[in-house]
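Note: hydrogens, waters and symmetry copies are ignored here, and every other heavy atom, side chains too, is used. Order of appearance sets the numbers: ligands from 1, and atoms from 1 within every ligand.
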Amino acid sequence: MDNATRLQYLEAMGIDVWLPRASANHEQAAAPDAIAGNTLPEQIDNWETLQAEVAPCTKCDLCKTRTQTVFGSGNKNADWMFIGEGPGQSEDQQGLPFVGKAGQLLTEMLRAIDLDREEVYIANIVKCRPPANRDPKPIEIETCKPYLLRQIALVKPKVIVVLGRVAAQALLNTDEPIGKLRGKIHALNGTPVVVVYHPAYLLRSLLDKPKAWADLELALQTVKNIKG
Ligand code: URA
């Protein structure tokens, strides 16, 4: 889909179309240093070491109820990284992120911005399914997040799209509600971060879908601006 067609499509849906200038994006972005606790690891790391650490992890209680860890999937050199909250039942069974109903919607959201799942990297804040799909506890997030930060450091994406309140608050170290976090560009150690409603929420709340498309459009423009 070319840009003009996409803009027409979004305008027809009644969505405000944002065309951020590269400089404007950076003005909006929080100073990376302001995000406490998110320092990316400096040491030399690699996918094999990281995967071998995550697979048998017993650092928190989620290991007691999981079937298996869900590491992440997709293109390890992707421009786009999508981050969810944690595995659900289907993900816990299959060992892959976003393979259930929410995952199907995520795939459609990707298609709407001309991306295939294989092109992007998909991971979660926590690598083990919280029992009965409850929110991960702060201690579980704190324990597991270093794995995610190492994945981000390895992928080096041009943009991070963080899906839903729990993942956004965890990644950005904030208590702000999602309504305030979405619609702008944040930064994680210099990488732009866009917050989008979680696909599982969008399955229940159709009225918020246009906002999600607008946020994906913001992420798309951000990547385009970086590419020049
Ligand atoms: N929801 C998430 O946040 N992550 C998944 O992998 C699946 C559903």
Side-chain angles (χ1 to χ4, degrees), residues 47 50-51 54-55 57 60 62-63 65-76 78 80-112 115-152 154-155 157 159-174 177-179 181-182 186 188 193-206 208-209 211-212 215-216 219:
W47 286 105
L50 180 54
Q51 224 153 338
V54 170
C57 181
C60 82
L62 292 181
C63 70
T65 47
R66 73 173 182 228
T67 305
Q68 57 192 315
T69 54
V70 177
F71 182 75
S73 71
N75 177 359
K76 291 174 175 158
W80 293 74
M81 187 155 173
F82 287 78
I83 299 175
E85 171 181 329
Q89 187 176 25
S90 308
E91 292 77 21
D92 175 68
Q93 281 163 3
Q94 295 183 44
L96 291 167
F98 282 100
V99 288
K101 277 196 183 138
Q104 282 168 21
L105 180 55
L106 177 61
T107 305
E108 286 172 28
M109 289 162 74
L110 295 177
R111 290 302 310 138
L115 291 171
D116 285 323
R117 274 182 79 112
E118 298 70 37
E119 254 178 286
V120 306
Y121 195 81
I122 304 175
N124 281 305
I125 298 280
V126 295
K127 309 298 185 218
C128 298
R129 181 191 181 201
N133 296 343
R134 65 158 169 75
D135 288 353
K137 295 177 183 168
I139 185 66
E140 294 158 355
I141 290 173
E142 200 186 309
T143 308
C144 208
K145 199 167 131 184
Y147 292 140
L148 176 68
L149 295 178
R150 287 169 65 186
Q151 287 174 299
I152 295 170
L154 286 165
V155 175
V159 70
I160 294 172
V161 177
V162 60
L163 300 164
R165 174 188 62 84
V166 173
Q169 291 179 340
L171 192 72
L172 298 171
N173 289 328
T174 178
I178 189 159
L181 293 171
R182 61 157 297 274
H186 306 265
L188 181 79
V193 177
V194 174
V195 175
V196 178
Y197 286 116
H198 195 287
Y201 168 78
L202 293 172
L203 286 170
R204 303 188 300 269
S205 308
L206 299 183
D208 276 330
K209 271 192 172 182
K211 290 184 193 160
D215 291 333
L216 288 173

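- In this structure the side chain of Lys209 reaches within 4.5 angstrom of the side chain of Leu105, judged on heavy atoms.
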Which donor-acceptor pairs under 3.5 Å do the side chains of residues 91-102 make with protein atoms, sequence neighbours left out?
| residue | atom | partner | partner atom | Å |
| --- | --- | --- | --- | --- |
| Glu91 | OE1 | Gly88 | N | 2.9 |
| Glu91 | OE2 | Val99 | N | 2.9 |
| Glu91 | OE2 | Gly100 | N | 3.0 |
| Asp92 | OD1 | Thr67 | N | 2.7 |
| Asp92 | OD2 | Thr67 | N | 3.4 |
| Asp92 | OD2 | Thr67 | OG1 | 2.5 |

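- Within the 4.5 Å cutoff, the side chain of Asp135 has heavy atoms near those of the Glu85 side chain.
- In terms of heavy atoms, Pro131 sits closest to Leu62 at CD-CD2, 3.7 Å.
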Hey, can you pull the donor-acceptor pairs under 3.5 Å for the side chains in residues 197-205, sequence neighbours left out?
| residue | atom | partner | partner atom | Å |
| --- | --- | --- | --- | --- |
| His198 | ND1 | Ala200 | N | 2.9 |
| Tyr201 | OH | Asp208 | OD2 | 2.4 |
| Arg204 | NH1 | Ala200 | O | 3.4 |
| Ser205 | OG | Tyr201 | O | 3.4 |

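- Residues forming a side-chain hydrogen bond (donor to acceptor under 3.5 Å, both in side chains) with Thr107 (at least two apart in sequence, or on another chain): Arg117.
- When heavy-atom distances to ligand 1 are checked against 4.0 Å, the residues falling inside are Gly84, Glu85, Gly86, Glu91, Pro97, Phe98, Asn124, His198, ordered by chain and number.
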